[in-house]
Amino acid sequence: MKKLFILLCVCCFFFSCSSERKKQVPTVFLTEPQMVDVMTDVQLMEAMIGYQKNVNKKDNYLKNVGYDSLFAHYGINDSIFKLNLIYYYDVEPLTLVRIMDSVESRLAGMKN
């Protein structure tokens, strides 16, 4: 859960440094439930990549194709995901907090 919080902080910092702040709804808008689904899978992907890095330091296959496959599963790309994350951060921060709480709850349920 600490990693989830750190990831959110890093994302917020990264996006807050952007010179172009997107305040309008993205063309491809991900609803709150969709963001929860995608963010949950992103966290699982991060865990798998971290595990793979510890097990086999030379094989970066999962890191190279993992996110592309994940986003393709949802019919989006990394740019769409980033724009939606920026939108929620800038325009609906309370919704983003709810999204992250839901992701954390899902991951905790999976762990049990």
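Here the structure is a predicted model, which means the values were calculated and not measured.
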Would you call Met100 and Val36 a side-chain contact if the rule is heavy atoms closer than 4.5 Å? no
Side chain to side chain contact (heavy atoms under 4.5 Å, CB included) between Gln24 and Val91: does it pass, once the steps are laid out? CA-CA 8 Å; Gln24 47 186 295; Val91 180; over 6 Å; no
Got a sec: does the CZ of Phe29 have more than 12 other heavy atoms crowding it under 6.0 Å? yes
For Ser69, the side-chain hydrogen bond (donor to acceptor under 3.5 Å, both in side chains) test, sequence neighbours excluded, returns none
For the atom pair CG (Leu85) and CG (Asp90), what is the distance rounded to the nearest 0.5 Å? 9.5 Å
For the hydrophobic clusters of this structure (ILVMFWY residues joined by side-chain heavy atoms under 4.5 Å, transitively), does one cluster hold both Met110 and Val38? yes
Nearest-0.5 Å distance, CE of residue Met39 to CZ of residue Arg106: 12.0 Å
Apply the test ring pair (Phe, Tyr, Trp, His ring centres under 6.0 Å) to residues Phe81 and Tyr74: give CA-CA distance (whole Å), side-chain angles for both, the deciding distance (0.1 Å), then the verdict. CA-CA 10 Å; Phe81 174 70; Tyr74 289 102; 9.5 Å; no
Once you round to the nearest 0.5 Å, how far does CG of Leu83 lie from CG of Asp78? 9.5 Å
Gap between atom CG of Leu30 and atom CD1 of Ile80 - 0.5 Å precision: 7.5 Å
So CG of Asn84 and CD of Glu32: to nearest 0.5 Å the spacing works out to 12.5 Å
Could you tell me the separation between the CG atom of Asn77 and the CG atom of Leu70, rounded to the nearest 0.5 Å? 12.0 Å
Is it the case that the side chain of Gln34 and the backbone of Thr31 share a donor-acceptor pair, with hydrogens and angles ignored and the cut-off at 3.5 Å? yes
Beyond-backbone contact of Tyr87 with Thr95, side-chain heavy atoms, under 4.5 angstrom: no
